[in-house]
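These notes concern the structure reproduced below.
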Amino acid sequence: MSKRLEGKVAAITGGNQGIGLGIAERFIQEGAAVSICYRSDGEGSERVAESLRAGGGKAIAIQADISKLADGQRFLSETVSQLGELDILVNNAGVEKRASFWDVTEADYDFVLNVNLKGLFFVTQAMVRYLRQAKRPGKIINISSVHEELPFPHFTSYCASKGALKMITRNLSIELAPFNITINNIAPGAIETPINKNLLNDPVKLKSLLDNIPLRRLGKPEDVASIAAFLASEESSYVTGTTFVVDGGLTWNYEEQ
Ligand SMILES: NC(=O)c1ccc[n+]([C@@H]2O[C@H](COP(=O)([O-])OP(=O)(O)OC[C@H]3O[C@@H](n4cnc5c(N)ncnc54)[C@H](O)[C@@H]3O)[C@@H](O)[C@H]2O)c1
């Protein structure tokens, strides 16, 4: 397989586990240098970066809590100073908090929206400012969710963040096109990662979910990473402002008995 990202540098928010790590591994295989950020667990994240470098690729890990504007900006500026440039941003970091709507606290709301929406918004702004100043084209890939369309009761703040992401991408595809910067969303369904640990440990809930997925399995980070590699490469140069659903058929599953 030819390497589609040779010579490119990618920054991935929250690439130390789950979907972000799957994307980091795939981008390294495709020839990119990769920068991941983590909020805590510096030791574990350094080990992850080391394993990413094992095949001879370039990878660094930077501590940054993207819910803080200055951290998000520093994540990108340190990436540029250590890896020389930046071509691709993957907005992957995300959190969720289960609560019935009437019980949601301000802290719950801020926890989710400050990462999934505010953090993403301003990391993206820092990327665009860098690309414009450096006069470079660029690729922005957001890890959204099927919940940018599909209801998820008891997760209203999460759905609000992912629904907003759909409109951020549509808007920016127009505003950024003159600079040859493309932006797209990937909307995963149910993927086997730590965010789903409660579900993965509950056989009854898991079975009922699998019964709703036409392909009858959960997705893997690699299933999301292959679309991310396409969107980061020149093969997607005419694709912007859209969402790629990776859900085993979950979203549109309907059948009359
Ligand atoms: N797993 C799924 O089923 C699924 C489905 C749809 C969408 N998603 C989305 O995929 C993305 C990745 O989720 P995942 O499943 O890999 O979950 P995960 O919990 O394994 O990973 C989340 C990542 O976000 C990072 N992160 C969280 N808060 C951060 C902060 N303040 N600053 C920096 N990094 C932070 C974590 O360090 C971690 O690397 C999220 O945006 C999530 O909403 C996941």
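All ligand and atom numbering here is 1-based and tracks the order in the structure.
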Side-chain (Asp71) to main-chain (Asp65) donor-acceptor, under 3.5 angstrom:
yes
Any donor-acceptor pair under 3.5 Å linking the side chain of Thr240 with the backbone of Ile183?
yes
Show your working on side chain to side chain donor-acceptor pair (under 3.5 Å) between Thr243 and Glu148 and close with a plain yes or no.
CA-CA 9 Å; Thr243 295; Glu148 69 169 48; 2.8 Å; yes
Any N/O pair Ile66/ligand 1 closer than 3.5 Å
yes
Contacting atoms of ligand 1, where contact means under 4.0 angstrom from a heavy atom of Gly18:
16 (O), 20 (O)
Hey, is Ala187 touching ligand 1 through its side chain, its backbone, both or neither, going by heavy atoms under 4.0 Å?
neither
Judged by atom type as modelled, is there a donor-acceptor pair below 3.5 Å linking the side chain of Asn114 to the main-chain atoms of Ser67?
no
Ligand 1 contacted by Gly119 (non-hydrogen, < 4.0 Å):
no
Residue and atom name of the nearest protein heavy atom (relative to atom 41 (O) of ligand 1), distance in Å to one decimal
Asn92 O, 2.8 Å
Which atoms from ligand 1 have a heavy atom of Pro194 less than 4.0 Å away?
20 (O)
Does ligand 1 have any atom sitting under 4.0 Å from a heavy atom of Thr13?
no
Which class fits the ring pair Phe155 and Phe152: parallel under 30°, tilted 30 to 60°, perpendicular over 60°?
parallel
Ignoring hydrogens and angles, state whether a donor on the side chain of Asp211 or Ser208 is under 3.5 Å from an acceptor on the partner side chain.
no
Looking only at protein heavy atoms, what sits closest to atom 21 (O) of ligand 1 is Gln17 NE2, 3.6 Å
Do any nitrogen or oxygen atoms of Pro188 come within less than 3.5 Å of a nitrogen or oxygen of ligand 1?
no
Output yes when the distance from some N or O of ligand 1 to some N or O of Ile19 is under 3.5 Å, and no in every other case.
yes
The closest protein heavy-atom partner of atom 23 (C) of ligand 1 is Gly14 O, 3.8 Å
Do the side chains of Asp223 and Lys220 get close enough for a salt bridge, i.e. N-O under 4.0 angstrom?
no
N/O separation below 3.5 Å, Ser145 to ligand 1
no
Donor-acceptor contact below 3.5 Å, side chain Gln63 vs main chain Cys37
no
How does Thr193 reach ligand 1, if at all, at less than 4.0 Å between non-hydrogen atoms: by side chain, backbone, both, or neither?
side chain
Please say whether more than 12 non-hydrogen atoms of neighbouring residues, nucleotides or ligands are located less than 6.0 Å from OH in Tyr109.
no
With respect to atom 24 (O) of ligand 1, which of Ser144, Gly44, Ala93 exhibits the smallest heavy-atom separation?
Ala93
Hey, are Glu30 and Lys8 close enough for a salt bridge, meaning a charged N less than 4.0 Å from a carboxylate O?
no
Specify side chain, backbone, both or neither for Glu192, according to which of its non-hydrogen atoms lie closer than 4.0 Å to ligand 1.
neither
Backbone of Tyr158 reached by a side-chain donor or acceptor of Ser161 within 3.5 Å
yes
Do side-chain atoms of Asn184 reach the backbone of Thr242 as a donor and acceptor pair under 3.5 angstrom?
yes
Taking Asp41 for the side chain and Gly44 for the main chain, is one N or O donor matched with an acceptor at less than 3.5 Å?
yes
In the protein, which heavy atom is nearest to atom 10 (O) of ligand 1, and how far is it?
Ile143 CG2, 3.2 Å
Which residue and non-hydrogen atom of the protein lie closest to atom 22 (C) of ligand 1, and at what distance in Å?
Gly94 O, 3.7 Å
Which protein non-hydrogen atom lies closest to atom 17 (O) of ligand 1, naming both residue and atom, and how far is it?
Ile195 CB, 3.4 Å
Considering only heavy atoms of Val95, which atoms of ligand 1 have at least one such atom less than 4.0 Å away?
27 (C), 28 (N)
When you look for heavy atoms under 4.0 Å from ligand 1, do you find them on the side chain of Ala190, its backbone, both, or neither?
backbone
With a heavy-atom distance limit of 4.0 Å, tell me whether Asp71 approaches ligand 1 through its side chain, its backbone, both, or neither.
neither
Nitrogen or oxygen of Ile191 less than 3.5 angstrom from that of ligand 1:
yes
Which of the ligand 1 atoms, numbered from 1, are nearer than 4.0 Å to a heavy atom of Asp65
30 (C), 31 (N), 32 (N)
Give the residue and atom name of whichever protein heavy atom lies nearest to atom 2 (C) of ligand 1, and the separation in Å to one decimal.
Asn196 ND2, 3.4 Å
Side chain, backbone, both or neither: which part of Val115 has a heavy atom under 4.0 Å from ligand 1?
side chain
Can you find a non-hydrogen atom of Gly189 under 4.0 Å from ligand 1?
yes
Where does Ala64 meet ligand 1, judged by heavy-atom distances below 4.0 Å: at the side chain, the backbone, both, or neither?
backbone
Donor-acceptor under 3.5 Å (Thr13 side chain, Asn92 main chain):
yes
Nearest protein heavy atom with distance in Å, relative to atom 36 (C) of ligand 1:
Asn16 OD1, 4.0 Å
Within the structure, is a non-hydrogen atom of Lys162 found at a distance of less than 4.0 Å from ligand 1?
yes
Between Asn142 and Ser144, does any side-chain donor sit less than 3.5 Å from a side-chain acceptor?
no
From the options Phe152, Tyr158, Tyr38, select the one whose nearest heavy atom is closest to atom 43 (O) of ligand 1.
Tyr158
Closer than 3.5 angstrom, by distance alone: can the side chain of Ser236 be matched with the main-chain N or O of Leu231 as a donor-acceptor pair?
yes
Is a donor on one side and an acceptor on the other found under 3.5 Å between the side chain of Tyr130 and the backbone of Leu86?
yes
